[in-house]
Number of protein chains: 2
Amino acid sequence: MSTEKIKNMEEFAAKCGVSRPTVSKYFNDPNSVRAKTRRRIEEALERFDYRPNIYAVNQNRRLTKNIGIVVPYLADPFFAEIARFLETRCIEAGFSPSLFSSHGKQELENEILNTLRSMKPAGVLLAPLGRASDRKVVEQFCRDVPTVLFDSNIEGIGDVFVGSDNPQFTSMMVQYLCRTGEPPCFFEMKTPPNPNAGKRRQGYLDAMEKQGHEPYIFQAQGEGWALEEIGLREGIRLLDSGEMQSSTILCSNDRLAIGFLAACFQNGLRVGISQDCDIRVAGLDGHPFSSFTCPPLTTVSHDYQAISERSAESLFNMIEDGNRPTSREEKLFDGKLIMRTSA
Amino acid sequence: MSTEKIKNMEEFAAKCGVSRPTVSKYFNDPNSVRAKTRRRIEEALERFDYRPNIYAVNQNRRLTKNIGIVVPYLADPFFAEIARFLETRCIEAGFSPSLFSSHGKQELENEILNTLRSMKPAGVLLAPLGRASDRKVVEQFCRDVPTVLFDSNIEGIGDVFVGSDNPQFTSMMVQYLCRTGEPPCFFEMKTPPNPNAGKRRQGYLDAMEKQGHEPYIFQAQGEGWALEEIGLREGIRLLDSGEMQSSTILCSNDRLAIGFLAACFQNGLRVGISQDCDIRVAGLDGHPFSSFTCPPLTTVSHDYQAISERSAESLFNMIEDGNRPTSREEKLFDGKLIMRTSA
DNA sequence: ATATACTTTTTACGCGCGCTAAGTTTTGAC
DNA sequence: GTCAAAACTTAGCGCGCGTAAAAAGTATAT
């Protein structure tokens with residue numbers, strides 16, 4: 001490896017013994033040049049560490065090879081996990097992913113979308129804030145940029161939506177809980193930051209009605225994404241209030257459930273399905289840590305792999321075709337019931 | 001807001017009624033133009049949504065306003081949390097942060113550093129893989145780009161290192177555990193992916209010796225970042241082996257501890273400090289979820305805020321000064337003992 | 001050998017902006 | 001009203017590359 005600095009493609013082309021446009025062509029698609037030419041370039045590539053200037057490249061290309069990945073809250077392991085999958089898929093497919101987190105704030109989401117727009121990305125994988133999103137901004141963005149929405153659906157926006165069938169999650173869990181014990185009450189936030197809470201509540205109400213049981217919903221106070229803390233604090237409040245109608249509780253998501261488990265522990269309640277336990281607690285999401293709670297959390301898990309794969313594939317297809325789908329596609333994946341010992 | 005599309009700075013300058021260089025000057029520093037001129041530009045900015053083409057801008061500036069943030073594993077809530085802090089600080093200071101995760105892989109870390117180099121960043125905040133890092137690559141990178149290392153120190157590399165005093169963590173915890181009960185044994189990974197494990201082991205050995213106790217270390221088998229799972233599986237193996245010399249165990253980090261708690265639960269062991277408990281479990285890190293385990297985890301917490309603040313400030317100072325510090329600076333923050341009920 | 005279809009080279013322009021130098025206007029202090 | 005300083009305008013180069021068109025070269029088939 002020579003230490004000689006190569007300034008630009010012109011110089012590098014000289015080292016290869018080919019012309020600059022040919023080198024340019026090579027970088028756009030190594031297969032588009034003759035095998036012999038390719039070898040010469042690749043040999044030079046090993047002797048000198050030259051990289052095309054990304055800014056010059058992107059300025060001149062109509063569309064870049066960038067892909068934006070936007071999640072509402074990256075410190076949530078659920079999104080961290082999905083982002084990890086997506087990033088890897090993008091790299092494998094030869095794109096340059098850029099990762100953004102809205103940190104739960106509308107202004108930041110808007111700002112990210114604006115930044116993204118000026119990046120001329122080939123496409124964007126967007127998990128919007130949901131209710132907290134600025135609908136008009138997101139809508140306009142999706143018109144301008146090929147976008148796959150995931151996790152959180154905003155009706156009519158984006159070319160494709162890929163996510164989980166949230167009512168199915170709740171319905172399956174309610175059914176399971178009813179068959180194995182007392183019908184559950186429902187623990188959720190009054191003003192949830194995460195997008196799918198509304199659908200889950202409705203799913204609970206519908207499922208309970210279908211099973212012929214009276215629903216009971218407890219709404220936790222609190223704002224923001226500190227879900228475990230809210231689950232703990234409000235869980236204690238709920239337990240102390242004596243309002244609980246049932247010894248089975250379904251939490252709107254695993255993070256609330258983790259908090260609620262802590263509340264139970266603090267109140268000396270034994271959680272689980274065995275005879276000597278006082279209460280059953282279930283969650284929803286298949287949170288990466290849900291198998292390590294005490295007791296391990298019974299939950300309905302997203303099909304992470306499928307959601308990431310499908311989102312990425314959909315976007316890649318759109319990019320390759322060059323045209324957006326005529327009608328909006330929606331793909332919902334079922335969740336998988338994971339029976340552990342908490343419920 | 002007019003819908004008229006503005007193609008470039010030339011056009012936008014015309015709308016403002018000022019010349020292009022003046023607009024350019026404004027975007028580089030709004031205070032560098034006369035107040036009246038600034039008003040005219042900002043009014044136009046409200047009527048038309050123009051943004052300078054970031055690729056053209058970055059191509060022509062010697063240094064961009066980009067800051068790279070690199071962490072070894074973003075799906076680890078510890079790094080997610082720090083990354084969130086850092087990102088916010090960069091934006092506040094007028095920079096454009098780009099977030100990268102090495103996903104625990106050396107090749108990816110190298111690739112990220114290469115990408116970063118070609119981004120001509122003003123500076124980089126780097127939490128390296130540590131032992132798994134390619135020392136030469138990181139070293140060369142730090143010579144080329146102003147870099148603040150954080151969390152994981154690589155001796156002699158980078159202009160500044162900001163992190164926690166890991167031996168102090170272990171030492172403090174060992175002291176606490178010895179004063180309140182049986183001296184702890186130590187639970188760690190044989191080949192830990194996280195960088196500071198070595199220092200913690202040494203800290204344990206030193207502290208035990210200082211206290212006049214015989215150390216006992218159990219090394220968990222397993223590779224990668226699935227620390228909870230390893231803690232659970234190997235925890236069970238340890239408990240079943242009957243090798244445990246003490247009823248107090250200190251885990252090398254909170255994620256292992258979370259797994260170990262699950263192992264205890266599964267084995268019917270009651271964890272905690274009260275009389276009716278069988279075992280005390282402590283962790284290290286102040287993991288965001290450590291307060292929601294059952295029982296809540298006694299741990300030594302990083303000073304997240306201080307580490308992020310200091311890292312960011314150090315980098316900003318280097319960037320503003322324009323010159324790198326003559327000698328390498330190291331700043332270690334003490335951890336805070338957080339007494340909960342697990343130990 | 002000749003025709004045909006690819007590849008590659010040459011030449012040249014354009015992208016949008018940073019930056020500089022020279023000339024012009026505006027500002028504010030006296 | 002004068003005058004120097006500050007802010008502006010005009011003009012123009014350069015950054016590193018994509019890309020298009022035309023010319024030249026090269027592989028494959030007849």
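Residue numbers start from 1 in every chain, and the chains themselves are labelled A, B, ... in the order their sequence lines are given, proteins ahead of strands. The figures here come from the full heavy-atom set of this structure, side chains too, leaving out hydrogens, waters and symmetry mates.
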Completion exercise
Taking C/dG16, C/dG18, C/dT10 as options, the one with an atom nearest any side-chain atom of B/Arg20 is C/dG18
Fill in the blank from the handout: With the side chain defined as heavy atoms from C-beta on, B/Asn8 is closest, among C/dG18, D/dC17, C/dG16, to C/dG16
Practice task
Tell me whether the OP1 or OP2 atom of C/dT8 has a side-chain N or O from A/Thr37 closer than 4.0 Å.
Solution key: yes
Handout entry: Distance, rounded to the nearest Å, where B/Leu63 contributes CG and C/dC19 contributes P
Key = 11 Å
Exercise for the section: Identify which one of A/Leu149, A/Leu126, A/Leu125 satisfies the side-chain contact (heavy atoms from CB on, under 4.5 Å) criterion when paired with A/Ser311. Expected result: A/Leu125
Problem - Interatomic distance, B/Ile41 CD1 vs D/dC8 P [rounded to whole Å] - result: 8 Å
Practice task
For C/dC17, take OP1 and OP2 only and decide whether either is under 4.0 Å from a side-chain N or O of B/Ser24.
Solution key: no
Problem - Residues A/Asp144, A/Arg117: salt bridge by 4.0 Å N-O rule - result: yes
Practice task
Find the distance A/Tyr26:OH to D/dG18:P and express it as a whole number of Å.
Solution key: 14 Å
Completion exercise
Between B/Val23 and A/Asn60, whichever has its closest DNA chain C nucleotide further toward 5' is A/Asn60
Handout entry: Which residue lies more 5' along DNA chain D, comparing B/Ser32 with A/Glu10 via nearest heavy atoms
Key = B/Ser32
Exercise for the section: Determine: side-chain N/O of B/Tyr50 to OP1/OP2 of C/dC17, distance under 4.0 Å, yes or no. Expected result: yes
Exercise for the section: Go through the N and O atoms of the side chain of B/Asn28 and the base of C/dG18, and report whether any donor-acceptor pair is under 3.5 Å. Expected result: no
Practice task
Under the side chain to side chain donor-acceptor pair (under 3.5 Å) rule, what do A/Tyr50 and A/Glu11 come out as? Steps first, then yes or no, please.
Solution key: CA-CA 10 Å; A/Tyr50 165 75; A/Glu11 272 187 37; over 6 Å; no
Exercise for the section: Output yes when at least one side-chain N/O atom of B/Lys36 is less than 4.0 Å from OP1 or OP2 of C/dT27, else no. Expected result: yes
Practice task
Measure from the ring center of B/His302 to the ring center of B/Phe333 and say whether it is less than 6.0 Å.
Solution key: no
Practice task
Measure from the side chain of B/Ala56, starting at C-beta and using heavy atoms only, and say which of C/dG18, D/dG18, C/dG16 lies closest.
Solution key: C/dG16
Exercise for the section: Report the distance from atom CG of A/Asn58 to atom C1' of C/dG16, rounded to the nearest whole Å. Expected result: 13 Å
Handout entry: Listed nucleotide nearest any side-chain atom of A/Thr22, set C/dT8, D/dG18, D/dC8
Key = C/dT8
Problem - Spacing between B/Arg62 atom CZ and C/dC19 atom P, to the nearest angstrom - result: 9 Å
Exercise for the section: From the options A/Asp134, A/Val137, A/Leu129, select the one residue that forms a side-chain contact (heavy atoms from CB on, under 4.5 Å) with A/Glu109. Expected result: A/Leu129
Exercise for the section: Quickly work out the B/Glu11 CD to C/dC15 P distance and round it to whole Å. Expected result: 11 Å
Exercise for the section: Could you tell me the separation between the CE atom of A/Met9 and the P atom of D/dC15, rounded to a whole number of Å? Expected result: 15 Å
Handout entry: B/Arg34 CZ to D/dT9 P, straight-line distance once rounded to whole Å
Key = 8 Å
